[in-house]
There are 2 protein chains.
Amino acid sequence: MASTWVPDVSPDTPFSLANIPFGIVSSSADPAPHAAIAIGIHVLDLKALSSHATFHDVFPALKNHPGIFSKPTLNEFAALGRPVHREIRKTIQDLLSSETSRPEALKDNAELREKALLSQRNVKMHLPMNIGDYTDFYAGFHHAYSVGALFRGPQKALQPNYTHLPVGYHGRASSIVVSGTPIKRPVGQIIIDPTAEPKQPTTAPSRRLDIELELGCFISTPNEMGSSIKVTDAEDHIFGYVILNDWSARDIQTWEYIPLGPFNGKNFATTISPWVVLADALDPFRTKCLDNWTPLQPYLNENKKESIFDIELQVDLITPQGDATTISTTSSKYLMWSFPQMIAHHSLGGCPMRTGDILGTGTISGPTPNEKGSLLELSEGGKKDVMLYGMDVRRFLKDGDTVVMRGICGKPGEKVGFGDCVGRILAATPVQ
Amino acid sequence: MASTWVPDVSPDTPFSLANIPFGIVSSSADPAPHAAIAIGIHVLDLKALSSHATFHDVFPALKNHPGIFSKPTLNEFAALGRPVHREIRKTIQDLLSSETSRPEALKDNAELREKALLSQRNVKMHLPMNIGDYTDFYAGFHHAYSVGALFRGPQKALQPNYTHLPVGYHGRASSIVVSGTPIKRPVGQIIIDPTAEPKQPTTAPSRRLDIELELGCFISTPNEMGSSIKVTDAEDHIFGYVILNDWSARDIQTWEYIPLGPFNGKNFATTISPWVVLADALDPFRTKCLDNWTPLQPYLNENKKESIFDIELQVDLITPQGDATTISTTSSKYLMWSFPQMIAHHSLGGCPMRTGDILGTGTISGPTPNEKGSLLELSEGGKKDVMLYGMDVRRFLKDGDTVVMRGICGKPGEKVGFGDCVGRILAATPVQ
């Protein structure tokens with residue numbers, strides 16, 4: 001990988017020249033949200049770049065899409081499809097490379113550099129996409145197994161359908177927020193004494209507020225209603241990836257979810273990392289899904305293709321006092337189902353996927369106790385303390401806690417990562 | 001109620017002067033979707049009406065919203081809130097009334113009448129709203145009871161949470177279509193032999209394709225994330241109502257829904273009637289929810305207010321040969337939970353409702369065998385034939401069947417109804 005002329009790009013940055021993730025930013029100079037990419041501790045403002053006279057010579061694929069980087073979301077860009085994303089990313093990599101073939105287009109143009117290359121500290125990040133529908137799956141095998149074992153014992157840990165299809169449910173699109181947005185603890189109906197019969201709910205702030213460490217995937221090109229997307233074509237419908245924290249109120253969920261699934265236990269908030277890592281950027285980190293011993297239905301069969309990614313994932317919990325503890329380190333390789341399989345299954349009956357739709361993997365956990373992607377697992381069902389720095393402990397989240405999720409892969413100088421997916425818990429609104 | 005000067009308004013029309021439902025139409029003369037209201041067999045094209053010089057004198061509340069009726073959805077109008085909807089509806093009722101106070105504004109203006117008063121035959125209906133999120137509840141008590149009894153027996157028919165909270169789940173917004181859109185039978189994983197162990201799925205067209213008769217409600221004004229909507233304020237957040245058919249593939253649903261709820265069994269299609277009946281138009285038909293013997297949590301307590309509606313509902317099944325049979329007649333009064341309760345519950349944890357979001361009641365069934373809102377109930381779990389005209393029978397839908405749902409209330413000449421909510425079943429795409 002070539003080096004970049006952009007200053008202060010550390011070998012450890014998740015935003016190396018090998019990445020070029022897309023996001024939506026605003027600044028005091030240009031407060032209308034618009035497109036940018038991240039490089040080191042800077043962003044390259046694509047709206048500013050596209051104001052330059054040579055822009056359409058440098059990016060001929062965008063000739064018929066004037067203002068595409070001035071829009072408040074990346075949807076229009078995502079809809080152009082993977083070959084265009086690939087070309088644009090390559091051109092940006094060239095522009096930022098020390099040996100760029102077009103030094104006049106940015107590197108040697110001090111005025112444009114001044115306008116377009118901004119410190120990340122000076123921009124605000126926004127939701128990158130206008131999200132039509134959000135679907136959350138349950139593809140993390142070790143999570144499904146360990147949560148199932150907690151509630152039903154190891155013999156019946158997995159439901160009979162689990163290895164036959166990627167189980168998923170529809171989530172709430174309106175409460176997806178960008179990293180950094182504070183998360184208010186939800187109020188809901190909870191059962192304080194689970195042994196009492198009949199069950200008596202109380203309306204109160206959740207006492208079992210949890211995280212779910214996930215990978216999210218944005219849809220680029222849609223399918224028509226009534227048609228399905230083949231598993232072998234599904235990668236062409238993927239724009240890129242984000243880290244996703246599907247905040248969960250376990251006590252609300254436990255009481256409400258029978259028989260129609262999670263609802264208020266999930267719909268109060270979902271946080272995503274701000275930068276969309278393009279499918280091509282993750283291509284070098286492909287690996288196979290976890291072995292599935294069940295013969296697959298033909299529409300799900302990828303012939304053991306390497307269709308998921310080995311991304312190092314990490315969860316830090318920062319107490320209100322500011323002490324940080326890494327409570328989990330795991331990998332996105334612990335999935336039994338790939339995004340192409342999820343997309344093929346989701347569209348099997350003709351359900352239309354639209355540009356900007358997001359799919360989540362479900363919680364990603366590894367096989368060992370320190371690799372769990374939720375406090376429910378780390379605390380063994382809320383029965384064991386998770387030790388934090390400074391002799392503090394948690395089973396679930398306290399008000400004032402901050403959770404930081406990160407994902408990264410690659411060698412120093414060529415790292416591909418997502419940046420932080422952060423949320424801090426605010427106290428619930430008092431129940432009247 | 002005054003009479004109207006509009007020709008051919010039959011006493012039995014669902015679109016009397018007492019209704020004035022809003023929709024989105026297009027015509028060969030103006031193919032860009034835009035707003036209209038229905039009156040008898042005509043529509044009043046509100047875009048054409050608003051082209052008239054006196055429009056903002058007649059509708060002063062819209063002075064700061066130029067072009068609001070030229071938009072392809074009603075979202076911007078819905079967001080203005082109920083007092084504005086009330087005023088606009090009253091003004092339209094006056095314009096269309098035989099004793100209108102402003103005859104010059106439409107009644108006596110032949111040129112404008114010619115442009116704005118169109119036959120329904122000459123317009124195409126479109127989805128009335130841009131729908132952000134779709135939530136489907138389970139508020140039909142007799143449906144929940146009879147389906148529960150089918151699967152678990154009468155003693156355990158209702159789950160313990162059923163009378164404590166309005167159970168609901170997130171549906172799929174992308175596959176909501178306007179009445180008249182053909183519905184392709186979905187392919188999915190189904191269990192052909194339910195007695196075999198272990199369970200062996202087959203990928204095949206659904207054999208148990210069903211309907212769900214529901215009332216839908218559109219949100220007008222939003223709440224901020226982290227805040228909730230009080231049950232006593234919730235009516236102010238409702239724009240209006242539609243009939244909703246939540247097509248369901250029972251065999252796909254049965255296999256997939258544990259533990260996260262319905263997914264592909266539902267997300268292939270949901271049909272809504274094209275006209276949004278404003279909250280004010282249904283006001284005279286209010287009634288109380290079915291008695292709930294469980295003391296309610298305070299946030300759900302409406303003090304027995306009349307917060308649901310007694311709308312006569314009817315489901316017709318038309319065979320491919322064209323024979324029509326009314327397979328169910330029931331009423332929207334058979335609900336245990338009202339829309340204000342659903343909204344208060346949905347937003348309790350801070351989930352944001354947005355303008356254009358839709359909530360469904362869940363299947364509405366009455367207590368007797370002919371009042372059921374799904375074939376699952378009418379056929380007693382697929383075990384009994386439903387008799388059709390011409391000695392034909394059904395347990396679930398056949399290819400080529402057409403389902404028509406209707407809802408109406410009020411006296412002849414003052415009827416308030418929704419128009420037809422129609423869908424015809426197309427054969428599935430063959431499985432490869």
Side-chain angles (χ1 to χ4, degrees), chain A residues 132-136 138 159-161 164-165 167-175 177 182 184 186-189 198-199 201-203 206 225-228 249 252 255-265 267-269 297-299 345-346 348-354 357 426 429 431-432, chain B residues 132-136 138 159-161 164-165 167-175 177 182 184 186-189 198-199 201-203 206 225-228 249 252 255-265 267-269 297-299 345-346 348-354 357 426 429 431-432:
Chain A
D133 277 291
Y134 162 36
T135 304
D136 205 17
Y138 199 46
Q159 300 287 356
N161 57 13
H164 288 280
L165 57 86
V167 169
Y169 71 103
H170 304 118
R172 180 81 189 176
S174 73
S175 55
V177 295
K184 192 183 271 190
V187 165
Q189 285 198 22
K199 297 266 183 284
T202 304
T203 305
S206 169
M225 185 161 165
S227 73
S228 59
I252 296 172
W255 170 233
E256 76 182 356
Y257 90 106
I258 290 176
L260 299 180
F263 187 56
N264 280 358
N267 65 23
F268 57 97
Q297 296 291 300
Y299 78 93
H345 180 68
H346 202 327
L348 175 66
C351 178
M353 309 274 117
R354 297 181 292 189
D357 287 349
L426 305 182
T429 306
V431 178
Q432 287 162 352
Chain B
D133 278 290
Y134 163 35
T135 304
D136 206 17
Y138 198 46
Q159 300 288 356
N161 57 14
H164 288 280
L165 57 86
V167 169
Y169 70 104
H170 304 118
R172 180 81 188 177
S174 74
S175 55
V177 295
K184 192 184 270 191
V187 166
Q189 285 198 21
K199 298 264 184 285
T202 305
T203 304
S206 170
M225 184 161 165
S227 73
S228 60
I252 297 173
W255 171 232
E256 76 182 359
Y257 90 105
I258 291 176
L260 298 181
F263 187 56
N264 280 358
N267 65 24
F268 58 96
Q297 296 291 300
Y299 78 94
H345 180 69
H346 202 327
L348 175 65
C351 178
M353 309 274 117
R354 296 180 294 190
D357 287 348
L426 304 182
T429 305
V431 177
Q432 288 163 352

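Worth saying up front: this structure is predicted, and the values here are computed from it rather than measured. Chain letters run A, B, ... following the sequence lines, proteins first, then strands; residues in each count from 1.
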What part of [X] lies closer than 4.5 angstrom to a heavy atom of chain B: side chain, backbone, both or neither?
| X | result |
| --- | --- |
| A:Pro198 | neither |
| A:Val177 | side chain |
| A:Thr429 | side chain |

Given heavy-atom pairs under 4.5 angstrom as the criterion, report whether the side chain, backbone, both or neither of [X] touches chain A.
| X | answer |
| --- | --- |
| B:Thr135 | side chain |
| B:Asn161 | both |
| B:Ala269 | both |

request  = Hey, can you tell me if B:His345 and A:Phe263 have their rings parallel, tilted or perpendicular (30° and 60° cut-offs)?
outcome  =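 The rings of B:His345 and A:Phe263 lie parallel, inter-plane angle below 30°.
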
So which residue, [options], ends up with the most heavy-atom pairs under 4.5 Å with chain A?
| options | result |
| --- | --- |
| B:Gly265, B:Gly261, B:Ser228 | B:Gly261 |
| B:Lys199, B:Glu256, B:Met225, B:His346 | B:His346 |
| B:Gln297, B:Lys184, B:Met353 | B:Gln297 |
| B:Gly226, B:Pro352, B:Pro298 | B:Pro352 |
| B:Tyr299, B:Tyr257, B:Tyr134 | B:Tyr299 |
| B:Pro201, B:Pro160, B:Gly188, B:Ser227 | B:Pro201 |

Closest contact, heavy atoms only, [X] versus [Y]:
| X | Y | answer |
| --- | --- | --- |
| B:Tyr138 | A:Pro259 | CE2-CG, 4.3 Å |
| A:Ser174 | B:Arg354 | CB-NE, 3.3 Å |
| A:Gln189 | B:His164 | NE2-O, 2.8 Å |
| A:Arg172 | B:Asp133 | NH1-CB, 3.2 Å |

request  = Check whether any side-chain N or O of B:Gln159 sits under 3.5 Å from a backbone N or O of A:Ile258 as a donor-acceptor pair, and report yes or no.
outcome  =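 Not confirmed, B:Gln159 side chain does not pair with A:Ile258 backbone.
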
If you count heavy-atom pairs under 4.5 Å with chain B, which of [options] comes out on top?
| options | answer |
| --- | --- |
| A:Asp136, A:Thr202, A:Ile252 | A:Thr202 |
| A:Pro186, A:Pro182, A:Gly171 | A:Gly171 |
| A:Val431, A:Leu426, A:Asp357 | A:Asp357 |

key: Minimum side-chain heavy-atom gap A:Thr203-B:Leu348 below 4.5 Å   =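 They are in side-chain contact.
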
query = With a 4.5 Å limit on heavy-atom distance, are the side chains of B:Leu165 and A:Trp255 in contact?
reply =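 In contact.
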
